[in-house]
2 protein chains.
Amino acid sequence: MAAPPGGRSTTIYDVAKAAGVAPSTVSRAFSRPGRVNAETAERIRAVAAELGYRANPQARALSTTRTSMIAVILADVTNPVFFEVVRGAELAAYEAGYTMLLAETQESAERERAVLERALSTVDGIVLTSSRMSDSAIRQIAKVKPVIVLNRVVTGVPSVVTDNLRGMRRAAEHLGELGHEQVCYLAGPEASWADGMRWRGLREAGMELELRVRRVGPYPPTVNGGVAAAAEWARQRTSAVVAYNDQMAIGFMRGVRAMGGQVPRDVSVVGFDNSNLSEIVTPALTTVASPLHSLGVTAARNVLAISRGAQSRSTEAVVLPTKLVVRESTSAIEA
Amino acid sequence: MAAPPGGRSTTIYDVAKAAGVAPSTVSRAFSRPGRVNAETAERIRAVAAELGYRANPQARALSTTRTSMIAVILADVTNPVFFEVVRGAELAAYEAGYTMLLAETQESAERERAVLERALSTVDGIVLTSSRMSDSAIRQIAKVKPVIVLNRVVTGVPSVVTDNLRGMRRAAEHLGELGHEQVCYLAGPEASWADGMRWRGLREAGMELELRVRRVGPYPPTVNGGVAAAAEWARQRTSAVVAYNDQMAIGFMRGVRAMGGQVPRDVSVVGFDNSNLSEIVTPALTTVASPLHSLGVTAARNVLAISRGAQSRSTEAVVLPTKLVVRESTSAIEA
DNA sequence: CTGAAAGCGCTAACAG
DNA sequence: CTGTTAGCGCTTTCAG
């Protein structure tokens with residue numbers, strides 16, 4: 001009554017026989033309706049419908065090498081930062097007539113390999129988000145299938161990234177305008193390309209704007225990481241703090257509150273990403289908005305373009321602009 | 001330099017030739033290492049590694065009909081209710097040596113069909129969450145591939161569901177103990193099986209416990225839906241409210257606050273699911289906890305069991321127990 | 001233990 | 001417009 005484990009389903013041959021035509025004709029009736037007699041096509045459709053025929057896309061892929069699917073690989077489906085990215089990618093895929101699949105790696109390189117190994121052949125392209133793999137492993141994959149890397153630069157592999165430098169600069173300017181003279185960076189994962197860029201961006205801006213900059217960390221890019229960072233920061237306070245991302249900023253605020261402090265009265269805090277949490281939290285978080293949606297759209301479009309044989313698949317990273325969103329977690333310094 | 005759109009990758013034949021053996025031997029060396037001379041196998045592995053050979057799971061699937069992947073289809077990856085379900089399913093899949101793929105349908109039946117059409121042949125089984133398809137369409141799919149339906153009962157298709165009846169009963173008991181004599185149900189989507197069960201559970205419990213029960217709605221099962229429900233509720237207030245799910249409960253609280261009311265002083269509210277939002281929100285939400293994680297684990301395990309030819313794939317729904325989690329949004333009624 | 005041959009379901013190239 | 005003939009990359013008989 002339920003599902004047949006090995007139930008052989010209707011094939012193109014069954015339909016061909018039932019309709020009294022050659023298999024290739026059936027195939028054509030589905031893939032190039034124009035190239036087949038209207039009546040014949042109609043009959044074939046009818047027979048197919050009656051027999052409950054469903055094309056097997058994977059078998060088709062074996063000869064066409066196209067599956068009309070792309071995969072987005074991410075470390076953690078639960079991380080709100082990915083929501084808009086996924087939405088964007090799905091939108092772009094849908095518009096192009098593709099289906100987007102998602103695979104989670106649980107932050108594990110081993111799992112990422114396993115996923116890739118299996119999913120690779122079922123899709124026409126891959127968007128790699130927060131990959132744990134080495135640059136060379138990624139290059140390896142990119143040799144086999146179109147790959148776009150998100151928020152990381154891997155030589156030889158096309159990528160699309162957030163403009164971390166300018167984003168951090170805006171954060172620094174904002175703090176400067178509010179009268180802050182020192183700022184502490186709460187560092188995220190050491191190995192992270194984004195962390196490197198954000199720290200560099202803040203440092204460079206600090207030099208120009210005469211803002212004293214120091215850093216604590218690295219910490220995991222999570223709420224708990226932020227709490228931990230608060231403890232370290234407390235040993236040598238600054239009037240302002242910029243976190244690697246929103247989650248850390250939120251954790252930091254929680255940590256400050258736990259120590260009896262208040263945000264922004266005692267310390268101004270700026271996050272990064274503008275994930276959906278940043279406006280839910282109290283006080284609402286001032287943050288550098290990453291172009292999450294466009295990141296997803298662009299990545300998906302580009303991977304499809306490559307898959308369709310785009311010529312100038314330059315290896316230059318596409319960099320997308322950020323925007324500072326001022327909310328309640330930052331305030332002018334008291335004289 | 002980048003990815004080859006049509007770059008033919010190393011096949012089993014290349015390896016066979018390079019290693020000086022028959023293709024079938026290479027195949028065996030990978031799938032049944034025991035059945036091939038140890039040295040030969042070693043040599044083959046070496047050659048394969050050197051050539052960067054990667055098996056094509058889809059081609060393999062064509063003859064074996066197994067891909068070692070399962071798919072979980074859901075309406076909205078962004079919905080926190082699914083987080084634990086996905087986690088559970090992924091865990092069960094991983095433990096069984098399978099890879100889990102996720103596909104989003106954006107609440108659209110059309111998209112759901114498209115996804116299924118394409119993904120169906122690339123996986124060994126499907127877990128259908130919040131499906132928009134008709135019972136018969138689902139039965140159709142289940143005829144072709146192992147399917148488990150989550151939180152919905154479709155005759156002839158195995159499913160695993162939350163014990164909505166008992167869950168609602170517990171909610172009612174809790175409210176009764178607090179002295180409430182009337183409760184309003186904020187209805188979710190009309191077509192939803194879960195909504196039907198929850199409403200029925202509350203009504204039945206109400207009769208036994210002498211709790212006057214009424215309902216408003218239906219509304220979309222979202223925060224905004226809850227806000228809307230609050231407006232309708234306000235026209236004829238009750239001292240307690242039970243929402244179809246947490247999101248609606250949260251929206252309801254927001255609505256009440258906007259009208260100048262306070263929770264739980266003016267109205268006690270109970271949610272359903274215990275999604276991760278329920279403890280973040282203020283006041284923290286009293287809610288009926290769905291067995292989210294187990295739902296995912298059980299669904300994945302069962303779909304795999306069927307796929308491996310489980311015999312007694314009974315069509316009875318597996319029902320998993322709920323648990324009432326009391327937080328701050330409910331309080332005793334003032335005399 | 002290993003090779004040869006056939007075939008999974010579908011498309012593509014070539015004749016008619 | 002349609003039939004025939006080869007394969008796509010891999011596994012699986014069936015011999016040896």
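FYI, side chains are in, hydrogens and waters are out, and symmetry mates aren't considered; it's all heavy atoms of this structure. First the proteins, then the strands, lettered A, B, ... as listed; each starts at 1.
- The stretch residues 17-28 of chain A comes close to DNA chain C through S24(A), S27(A), R28(A), each having a heavy atom under 4.0 Å from the strand.
- Both L62(B) and A41(B) sit near DNA chain C, but only A41(B) has its closest nucleotide nearer the 5' end.
- At the phosphate of dC1(D), neither OP1 nor OP2 sits under 4.0 Å from any side-chain N or O atom of R35(A).
- Remark: the backbone N or O of V303(A) is not paired with any side-chain donor or acceptor of S307(A) at under 3.5 angstrom.
- For dC8(D), its base never sits under 3.5 Å from the side chain of Y13(B) at any donor and acceptor pair.
- Nucleotides dT2(D) and dG9(C) are separated by 25 Å at their P atoms, to the nearest Å.
- Remark: S63(A) is not in phosphate contact with dG9(C), judged by side-chain N or O atoms under 4.0 Å from OP1 or OP2.
- The distance from the CZ atom of R54(B) to the CD1 atom of I141(A) is 4.5 Å, given to the nearest 0.5 Å.
- When each of A59(B) and A38(B) is assigned the nucleotide of DNA chain C with its nearest heavy atom, A38(B) is the one assigned upstream, toward the 5' end.
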*Report the C-alpha separation of R87(A) and E104(B) in whole Å, then their side-chain angles, then the decisive distance to 0.1 Å, and conclude whether the salt bridge (charged side-chain N to carboxylate O under 4.0 Å, His left out) test is met.*
CA-CA 9 Å; R87(A) 277 271 142 62; E104(B) 196 185 26; 3.2 Å; yes
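- Taking the ring centroids of Y53(A) and Y13(A), they lie at or beyond the 6.0 Å cut-off.
- Counting non-hydrogen atoms of other residues, nucleotides and ligands closer than 6.0 Å to CZ of R139(B) gives a total above 12.
- Residues in residues 128-138 of chain A take part in these side-chain hydrogen bond (donor to acceptor under 3.5 Å, both in side chains) pairs, two or more places apart or across chains: E107(A)-R132(A), E112(A)-S131(A), S134(A)-S136(A), D135(A)-R152(A).
- The same atom, P, is picked in dT5(D) and in dA6(C); the two are 15 Å apart, to the nearest Å.
- When heavy atoms are screened at a 4.0 angstrom cut-off, A61(B) is found touching no nucleic acid atom at all.
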*Dot-bracket for DNA chain D, 5' to 3', counting Watson-Crick or G-U wobble pairs under 3.5 Å, with [ ] for crossing pairs and | for inter-strand pairs?*
||||.|||||||||||
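- If you check every strand for non-hydrogen atoms under 4.0 Å, S121(A) touches nothing.
- For the side-chain contact (heavy atoms from CB on, under 4.5 Å) test with I126(A), the passing option among L116(A), V144(A), I70(A) is L116(A); the others fail.
- Residues V72(B) and M100(B) are in side-chain contact: their nearest non-hydrogen atoms beyond the backbone lie under 4.5 Å apart.
- Heavy atoms of F30(A) sit nowhere under 4.0 angstrom from any nucleic acid atom.
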